[in-house]
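Atoms within each ligand, like the ligands themselves, are counted from 1 in listed order. The model shown is predicted, which means the values in this text are computed figures rather than measured ones.
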Amino acid sequence: MSSSSIETREFARAAALGLSDHPRWLPCRYLYDAEGSRLFERITETPEYYLTRTELSLLDESSDAIAQITGDGALVELGAGSARKTERIIAAYTSRYGTGRYVPVDVSGDALAETTNALAGRYPTLAVRGVHGTYESVFPLLPSLSPLVLLFLGSTIGNLNQGEAEVFWRNVRCALMPGDFMLLGVDLVKDAATIDRAYNDAAGRSAAFTKNIFARMNRELGSEIDLAGIDHEAAYRPEWQRVEIFARMTRRQEVHLAPLGRTITLEPGERVMTEISRKYELTELRDYLHLFELETLQTFTDPARSYALLLLGPRQS
Ligand code: AVJ
């Protein structure tokens, strides 16, 4: 059970902080252990989850154009995950510029190792160096990797709340040098029913993904949570332009946090927010990024305007 490694105690502390707060919440990065990364991949295969599919086809259409605009550079990917989508970009850069450099950054060490091995096998001329850590941990490394293209795909930016996003964009702008670029993938505002379906797939994979953070607490923190006593609840809130994802307790739960010797009680009906997923209006997003001195050089979007890729560059001031 609880090997009290630094990471385990950090997880226990985060769980204690969030679960004793009101409303209760858990940091979404803990959704992605090896099992969580696998479960997320399963969501991307559902007919309801249009995001990954749409982004992949946008990358198919635009990777060559992007490689041409940016010129050669190291590809640094935040939250790389399986890097399945990144292969399109890597292929475009390696075929245009020969050898390449790829630096995947991920909080899941397992996902990172898989990606690194798979890519090194398929692209022998590609130098792959994974960084195991949060996005924040990579910012200090970026100047030494310039010229670079920072990849932040999958609409993962949507997981950040307003305060976190502001810190993130300040850090990005600070780390990008003239001649560097960033490729950002974002899900766009659309009818609520389409969004709601994507986060409530009929096969129950979204529910399994939400529950995994509690299964992980059982595995790593000895929490003894009854997973059958948890319902997945996800809904798009137009006034916040975001999906809010909760776990609702259908029975009383005594949540043990073994590394801390603490127990937190959750009452029936209580909800724990596990994730938000922000959706964007293109013009608002471009104006927002402009405030951080980031210029939108190109926007690639599908005919239904369901999803977008933005190629950004630092504005000279
Ligand atoms: C990986 C953060 C982009 O917000 O759509 C999908 C995560 N959670 N279904 C998203 C997720 C539930 C996903 N991101």
Using the test side chain to side chain contact (heavy atoms under 4.5 Å, CB included), find all partners of Ser37 that sit at least two apart in sequence or belong to another chain.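 In terms of side chain to side chain contact (heavy atoms under 4.5 Å, CB included), with neighbours along the sequence ignored, Ser37 is linked to Tyr32, Ser108, Ala111.
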Measure across Thr265 and Glu254 and return the closest heavy-atom pair with its distance rounded to 0.1 Å.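 Taking Thr265 first and Glu254 second, the nearest heavy atoms are OG1-OE1, 3.1 Å.
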Any donor-acceptor N or O pair under 3.5 Å, side chains Ser155, Tyr280: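 Judged by distance alone, the side chains do not pair up.
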Provide, line by line, the atom pairs where ligand 1 and the protein bring an N/O atom each to a distance under 3.5 Å; else say none.
from     : atom 1 : to     : atom 2 : distance (Å)
ligand 1 : 4 (O)  : Ser277 : OG     : 2.7
ligand 1 : 5 (O)  : Tyr49  : OH     : 2.5
ligand 1 : 5 (O)  : Tyr199 : OH     : 2.5
ligand 1 : 8 (N)  : Glu275 : OE1    : 3.0
ligand 1 : 8 (N)  : Glu275 : OE2    : 3.0

Could you note down all residue pairs passing salt bridge (charged side-chain N to carboxylate O under 4.0 Å, His left out) where residues 117-138 supplies at least one of them, sequence neighbours left out?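 Found Glu87-Arg122.
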side-chain hydrogen bond (donor to acceptor under 3.5 Å, both in side chains) with Tyr307: which of Arg53, Glu55, Lys190?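 With Tyr307 as partner, Arg53, Glu55, Lys190 yield a single side-chain hydrogen bond (donor to acceptor under 3.5 Å, both in side chains), made by Glu55.
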Using a 3.5 Å cut-off and no angle test, enumerate the donor-acceptor pairs between side-chain atoms of residues 138-149 and protein atoms at least two apart in sequence or in another chain.
from   : atom 1 : to     : atom 2 : distance (Å)
Ser144 : OG     : Leu141 : O      : 2.7
Ser146 : OG     : Asp180 : OD1    : 2.8
Ser146 : OG     : Asp180 : OD2    : 3.4

